[in-house]
Amino acid sequence: MTNPFRITIDTNPDLCNLHCIMCDTHSRFNRDFSYKRKSMERELLEKCLDQALNLGVKEIIPTTMGEPLLYEHFDLFIAKLKGTGTRLNLTTNGTFPLHGVEKWAEYLIPVLSDIKISINSLNPKINESIMLGDDTNIKIADIKEFAKIREEFKSKATITLQVTFLRSNLAEMENLIEFAIENKIDRVKGHHLWVNWEELADQAVQSDVDSLKKWNELVSSLDKYRPFIKLVNFESIEVGDKDTDMPVDYNCPFLGKELWIDHN
């Protein structure tokens, strides 16, 4: 058994400042939500980071549930990783709470491998109907500023715009990709909707044949952008293939390579 390449540490899964409709925890459709999973204690995080560094782990991911930049001990990630060969792989909702984008960029860029900033449309009406509590115009300005500061640092850290594919925002993908190219963003990465709430069942691309056909047409139309930016998970889906069961010969790509550590 080899040492893991990457470790995810779920520091604050129940703490977030947005209510994205597709989220399994903070969605407005989760009417039974209560703050049950407390944030990880500083001493435990320090122990986890020290052991990860001793193992030679290449990447650390702060929580992907909740908003990691709200974690009260986030400074430990910066302090421990600075000057090491281990990088921070960060997913954030892009609100840059507490410090603002400029200060966060200065903190993060020296230790980053990649930052994934969630945005679901450049159109405020659409984005804010998906990411409840967001301010799209501020987010667009902050993405531009983060990319500008990254260039000033001459950093090799990559910037990714992360989206959830919904029927309500598919027509927005081309504008988002063009924006990313214009601002020297490295990737646009999408995920198909996990239907956690019955209210969203009709938002899934796979919900009917017509929607699947529109998806495949979109994927084909975006090929012209692939020489200029990496598009992740923008792949066609075979129409009529609704078999979502795990194949019997499936091998989990994370086994032996990645490790998740719970908040407690």
Pro68 side chain reached by Leu90 side chain, heavy atoms, under 4.5 Å: yes

Go through it in stages, so that I can follow the logic: the residues are Val57 and Phe5, the test is side-chain contact (heavy atoms from CB on, under 4.5 Å), and I'd like the CA-CA distance, side-chain angles, deciding distance and then a yes or no. CA-CA 5 Å; Val57 168; Phe5 168 80; over 6 Å; no

Heavy-atom side-chain proximity of Ile130 to Asn169 below 4.5 angstrom: yes

In one Ile/Leu/Val/Met/Phe/Trp/Tyr side-chain cluster, 4.5 Å: Ile115, Ile140: yes

Is there a donor-acceptor contact under 3.5 Å from the side chain of Asn183 to the main chain of Ile185? no

Taking the side chain as every heavy atom from C-beta outward, state whether Leu231 and Lys189 have any atom pair closer than 4.5 Å. no

Please determine whether a side-chain nitrogen of the Lys or Arg among Arg167 and Glu172 lies less than 4.0 Å from a carboxylate oxygen of the Asp or Glu. no

Full working for side-chain hydrogen bond (donor to acceptor under 3.5 Å, both in side chains) between Thr158 and Arg187: CA-CA 8 Å; Thr158 55; Arg187 303 190 301 167; 5.3 Å; no

Reference residue Phe146; test ring pair (Phe, Tyr, Trp, His ring centres under 6.0 Å); the match among Phe96, Trp104, Tyr107: Phe96

If you count heavy atoms of other groups shown closer than 6.0 angstrom to CG of Asn251, is the number above 12? no

So do the side chains of Leu176 and Val163 get within less than 4.5 Å of each other, counting heavy atoms only? yes

Flag side-chain contact, heavy atom, 4.5 Å: Tyr71 against Pro62: no

Sole residue of Asn127, Asn93, Asn17 in side chain to side chain donor-acceptor pair (under 3.5 Å) with Asp134: Asn127

Just wondering, do Leu218 and Leu222 contact through their side chains at under 4.5 Å, heavy atoms? yes

Does any non-hydrogen side-chain atom of His26 lie less than 4.5 Å from one of Leu18? no

Using the rule that Ile, Leu, Val, Met, Phe, Trp and Tyr join whenever any side-chain heavy atoms are under 4.5 Å apart, tell me whether Val209 and Val219 fall into a single cluster. yes

Answer yes or no: is there a donor N or O on one side and an acceptor on the other, between the side chain of Asn30 and the main chain of Thr25, under 3.5 Å? yes

Look at the side chain of Asn89 and the backbone N and O of Ser113, then say whether any donor-acceptor pair between them is shorter than 3.5 Å. no

Counting N and O atoms only, with roles assigned by atom type, does the side chain of Trp197 sit under 3.5 Å from a partner on the main chain of Cys23, one being a donor and the other an acceptor? yes

Does the side-chain contact (heavy atoms from CB on, under 4.5 Å) test come out yes or no for Ile138 and Thr136, once each step is laid out? CA-CA 5 Å; Ile138 290 177; Thr136 310; over 6 Å; no

Electrostatic pair Asp186:Lys116 at N-O distance under 4.0 angstrom: no

Give a yes-or-no answer on whether the side chains of Thr160 and Asp114 include a donor-acceptor pair shorter than 3.5 Å. yes

Gln162 and Thr91: side-chain donor and acceptor closer than 3.5 Å? no

Begin with the C-alpha distance, continue with both residues' side-chain angles, and end with the deciding distance and a verdict on side-chain contact (heavy atoms from CB on, under 4.5 Å) for Leu76 and Arg42. CA-CA 8 Å; Leu76 260 181; Arg42 187 180 183 91; 3.5 Å; yes

Phe165 vs Phe234 aromatic rings, parallel, tilted or perpendicular, using cut-offs 30° and 60°? perpendicular

Does some side-chain heavy atom of Lys257 sit less than 4.5 Å from a side-chain heavy atom of Pro4? no

Salt bridge Glu258-Arg6, side-chain N to carboxylate O under 4.0 Å: yes

Walk me through it: do Lys47 and Asp50 pass the test salt bridge (charged side-chain N to carboxylate O under 4.0 Å, His left out)? CA-CA 5 Å; Lys47 181 178 181 181; Asp50 285 342; over 6 Å; no

Phe228/Tyr225 aromatic ring centres below 6.0 Å: no

Is the shortest distance from a Lys or Arg side-chain nitrogen in Asp10 or Arg37 to a carboxylate oxygen in the other one below 4.0 Å? no

Any ion pair linking Lys224 and Glu174 (charged N to carboxylate O, less than 4.0 Å)? yes

Do Met131 and Met173 sit in the same hydrophobic cluster, where Ile, Leu, Val, Met, Phe, Trp and Tyr count as joined when their side-chain heavy atoms come under 4.5 Å apart? no

Taking it one step at a time, do Met40 and Ile261 satisfy side-chain contact (heavy atoms from CB on, under 4.5 Å)? CA-CA 10 Å; Met40 181 179 283; Ile261 301 176; 4.3 Å; yes

Between Lys139 and Asp142, does any side-chain N to carboxylate O distance fall below 4.0 Å? no

Look only at the side chain of Thr84 and the backbone of Leu81, and say whether a donor-acceptor pair between them is shorter than 3.5 Å. yes

List the steps and the verdict of side-chain hydrogen bond (donor to acceptor under 3.5 Å, both in side chains) for Ser168 and Gln203. CA-CA 7 Å; Ser168 62; Gln203 281 293 317; 3.2 Å; yes

Verify whether one side chain among Thr92 and Glu67 offers a donor that lies under 3.5 Å from an acceptor in the other. yes

